[in-house]
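Notes for the one structure printed next.
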Number of protein chains: 2
Amino acid sequence: LDREAMAWAQARLDQLLKPPGSLGRLEELAVQLAGITGDPLPAIKDKCVIVMAGDHGVVAEGVSAAPQEITYQILPHFLQGTAGIGVLARHVGARLVVVDVGVARPVSFPGVLVRKVRAGTGNIARGPAMSREEALQAIGVGIEVATEEVRKGASLIATGDMGIGNTTPSSAILSAFTGLPAEETVGRGTLVNDTVLQKKREVVARSLAVNRPDPSDPLDVLAKVGGLEIAGLAGVILGAAAHRVPVLLDGFITGAAALVAAGLCPRVRQFLIASHLSQEKAHRHMLRHLGLRPLLDFDLRLGEGTGAALAMPLVEAACKILKEMATFSEARVAAMHEDKLLRS
Amino acid sequence: LDREAMAWAQARLDQLLKPPGSLGRLEELAVQLAGITGDPLPAIKDKCVIVMAGDHGVVAEGVSAAPQEITYQILPHFLQGTAGIGVLARHVGARLVVVDVGVARPVSFPGVLVRKVRAGTGNIARGPAMSREEALQAIGVGIEVATEEVRKGASLIATGDMGIGNTTPSSAILSAFTGLPAEETVGRGTLVNDTVLQKKREVVARSLAVNRPDPSDPLDVLAKVGGLEIAGLAGVILGAAAHRVPVLLDGFITGAAALVAAGLCPRVRQFLIASHLSQEKAHRHMLRHLGLRPLLDFDLRLGEGTGAALAMPLVEAACKILKEMATFSEARVAAMHEDKLLRS
């Protein structure tokens, strides 16, 4: 991060028409954005939500309450604005980019980018999700898509996922990197019942025993127990950070992608903003591991980037406070009594 | 609240293209808004932030780190969009209405509504803030302003305060209604140091001993230890609720106004949405007493309606989810396996 831009932003925040620090997390965000962009007065001009879609062989184990074909069927509804992220991306004025990086069925919907690396992953309960080469290729898709959006002008990128069954590999990734047992990392996803929850735990434990992912090799973890959309999202994070563009994480699945990205390049964590704390219980372990504090706590568990989109106006507000508020001296307003403030 | 509209909204939410309940608090908000408006598909067409400004005789006791003239000096900066709420109201696309209900100096700034009931309150450490008639008159100003905004089309009203020294009467109001001692209800306001904090506690305790406000008579509490902008805000809340328009509370001062309004008419609580949990510590007691759960936890302590404005896009998002998402059957997407869900 650009320490000089951050110091400048902080100094200006302290002079604005308000008690110092009284805009709390908005001020913290403004300083982070100055550091990310290198601009002491950062502005969000163009917002973009990137949704990566992929399918999961592990659904054969019965770990999901949703039929696999939903991954495919819902894609046009994103772009028509009749599914969750479609509604929320429009609400916040963000462009929506939907990418097929690994949907099981052939996809040809107007507007959906087809960058399929393979038609769904292998069943991680029995073997690897994909090869190391495929994982790298899917990361490459994410880097390319993010780079293209930055080229079009995106100054804030929200991440979203679509992939029936993808809380299972996300839990496996969390277990692989943190050493936490499946009991701690597996949650109810779409709100599955106790029977399915128990099965999910067994499947995650088995996926780790069968594949033995190496936590010191993030690409190994991703290839063995990850997912194609998770790989794509890790690429989006890496690509955006490389261009100094802030990235809003969504929930549990984009969090798993962030673990992979941060494993490959620890500095990307500084470019991340956690939009919300998911209702998926292990999400808090993920955010702690990433060192991130969520903006919202809304009991969301839909994914698709819905929480990340919802947080976009908050990030914009932080930039506007810094850029558009006047200082006490600019406004010729009487200064605070410094001697009565806690910090003086 | 309209139970039929709420049941209809809930039924639709359960059929939308997402696992049931997966949009968490957005779904709760959507149902509440259906109940408030009586419309099963409520829409926010026009948003309005109402800021009430007033001065406080109690600043003579040295309880604030800001000079009193700021209450007056900052008003034009609200409307020019160069102070906190000016920036955030513009950001969220809300009309900003600024009302002088009790500023100490004569006010004549373009755009500021002058409805002054008196030029600042009396010093509550030595006597009542105002007479019962003045308190009623200031409530009347708030009801009138809210009614006028509803007539212009406002379908969501955010409340904001401006008044140097106004955390002190707000703490006194909280103590009066809850019986909590000043040690529990007084906080650092603009972040005053330990010396000023101790003085604030003594002043609040003295204001209660001197005035003996009757908690069973909310108008008595308001007149004896309240403020003119607090009275005006209580009126805004009552006026908006009477027209079935949802009200976004801001922080500690609008919370004190809500305690008064809820004291006068307990049912108004159902029309309130708590935008955020303030950094002012006793705010959590206030919200608990009102039975409200805040949307944001951003360590804000500026007031002016900044937190309430920040939450407006979240409330709009809730309405849009309900109105704009398609159901599984409308979208011809495969249904969830009900037998695997927790609730079936």
Side-chain angles (χ1 to χ4, degrees), chain A residues 17-26 62 64-67 69-70 73-74 77 81-84 87-88 90-92 188 190-196 279 295-302 306 310 313-314 316-317 320-321 324-326 330-337 340-344, chain B residues 17-26 62 64-67 69-70 73-74 77 81-84 87-88 90-92 188 190-196 279 295-302 306 310 313-314 316-317 320-321 324-326 330-337 340-344:
Chain A
L17 274 179
K18 57 174 185 54
S22 61
L23 283 171
R25 296 206 66 195
L26 286 185
S64 177
E69 56 262 43
I70 290 183
Q73 290 176 336
I74 207 163
H77 298 284
T82 47
V87 171
L88 291 180
R90 182 171 56 212
H91 171 51
V92 301
R188 291 188 188 270
T190 55
L191 213 61
V192 297
N193 61 26
D194 290 348
T195 313
V196 181
Q279 205 184 24
L295 294 174
L296 298 167
D297 183 2
F298 262 40
D299 297 330
L300 305 176
R301 52 182 161 82
L302 178 56
T306 47
L310 212 53
L314 301 171
E316 289 180 291
K320 289 184 179 178
I321 285 297
E324 300 177 13
M325 276 181 77
E330 283 165 5
R332 295 171 192 264
V333 167
M336 306 277 291
H337 300 306
K340 290 186 174 174
L341 288 174
L342 189 60
R343 288 196 290 183
S344 60
Chain B
L17 272 180
K18 56 174 184 54
S22 61
L23 283 171
R25 297 208 63 195
L26 286 184
S64 175
E69 56 262 43
I70 290 182
Q73 289 176 337
I74 207 163
H77 297 287
T82 48
V87 172
L88 291 180
R90 181 173 55 213
H91 171 49
V92 301
R188 292 188 187 270
T190 54
L191 214 61
V192 296
N193 60 29
D194 289 349
T195 312
V196 181
Q279 204 186 24
L295 294 174
L296 298 167
D297 183 2
F298 261 42
D299 297 330
L300 305 177
R301 52 181 162 81
L302 178 56
T306 47
L310 212 51
L314 301 171
E316 289 179 289
K320 289 184 179 179
I321 285 298
E324 300 177 12
M325 276 181 74
E330 284 164 4
R332 296 169 193 265
V333 166
M336 308 275 294
H337 301 305
K340 290 186 174 176
L341 288 174
L342 189 59
R343 290 194 292 182
S344 59

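In what follows, chains carry the letters A, B, and so on, assigned in the order in which the sequence lines appear, proteins first and then strands, with residues in each chain numbered from 1.
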Residue B:Glu69 versus chain A: region with a heavy atom under 4.5 Å: side chain

Smallest separation among heavy atoms of B:Met336 and A:Pro67, with atom names: CA-CD, 4.1 Å

Top contributor to chain B interface from A:Glu316, A:Arg301, A:Arg90 [non-hydrogen pairs under 4.5 Å]: A:Arg301

Within the side chain of A:His91, is there an N or O that forms a donor-acceptor pair under 3.5 Å with the backbone of B:Pro313? yes

Looking at A:Ser64 and B:His337, what are the two nearest heavy atoms and their distance? O-CD2, 4.3 Å

Using non-hydrogen atoms only, which part of B:Leu302 is less than 4.5 Å away from chain A: side chain, backbone, both, or neither? both

For residues B:Leu26 and A:Thr306, determine if any side-chain heavy atom of one lies less than 4.5 Å from a side-chain heavy atom of the other. no

Where is the tightest heavy-atom contact between A:Leu310 and B:Ala317, given as atom of each residue plus distance? CD1-CB, 3.5 Å

Give, as side chain, backbone, both or neither, the part of B:Arg332 having an atom under 4.5 angstrom from any heavy atom of chain A. backbone

Could you have a look at A:Pro19, A:Ser22, A:Gly24 and say which one has the most heavy-atom pairs with chain B under 4.5 angstrom? A:Ser22

To the nearest 0.5 Å, tell me how far B:Leu17 CG sits from A:Thr82 OG1. 6.5 Å

Indicate yes or no for a side-chain donor-acceptor contact from B:His77 to the backbone of A:Ala326 under 3.5 Å, with no hydrogens or angles considered. no

Give a yes or no on whether the backbone of A:Gly81 and the side-chain of B:Glu324 come within a donor-acceptor separation of less than 3.5 Å. no

Which atoms of B:Val333 are under 4.5 Å from chain A, going by heavy atoms: the side chain, the backbone, both sets, or neither? both

Flag the one option from A:Val192, A:Ile74, A:Leu88 with the top tally of heavy-atom pairs under 4.5 Å to chain B. A:Val192

Identify the two heavy atoms, one from B:Lys340 and one from A:Ala65, that lie closest to each other, and give their separation to 0.1 Å. CB-CB, 3.7 Å

Considering non-hydrogen atoms only, spot the tightest contact between B:Leu295 and A:Phe298 and give its length. O-CE1, 3.3 Å

Which heavy atom in A:Asp297 sits nearest to a heavy atom in B:Arg25, and how many Å separate them? O-CD, 4.0 Å

Counting heavy-atom pairs under 4.5 Å to chain B, which of A:Ala334, A:Ala66, A:Gly62 comes out on top? A:Ala334

Region of A:Leu300 in contact with chain B, defined by heavy-atom distances below 4.5 Å: both

Under 4.5 Å from any heavy atom of chain B, what part of A:Glu330 do you find: side chain, backbone, both or neither? neither

Among B:Ala331, B:Ala335, B:Pro20, residue most engaged with chain A (heavy-atom pairs, under 4.5 Å): B:Ala331

Proximity breakdown for A:Ile321 and chain B, heavy-atom pairs closer than 4.5 Å: both

Straight-line distance of B:Gln279 CD to A:Leu23 CG, nearest 0.5 Å: 11.0 Å

Any side-chain heavy-atom pair of A:Asn193 and B:Leu341 under 4.5 Å: no

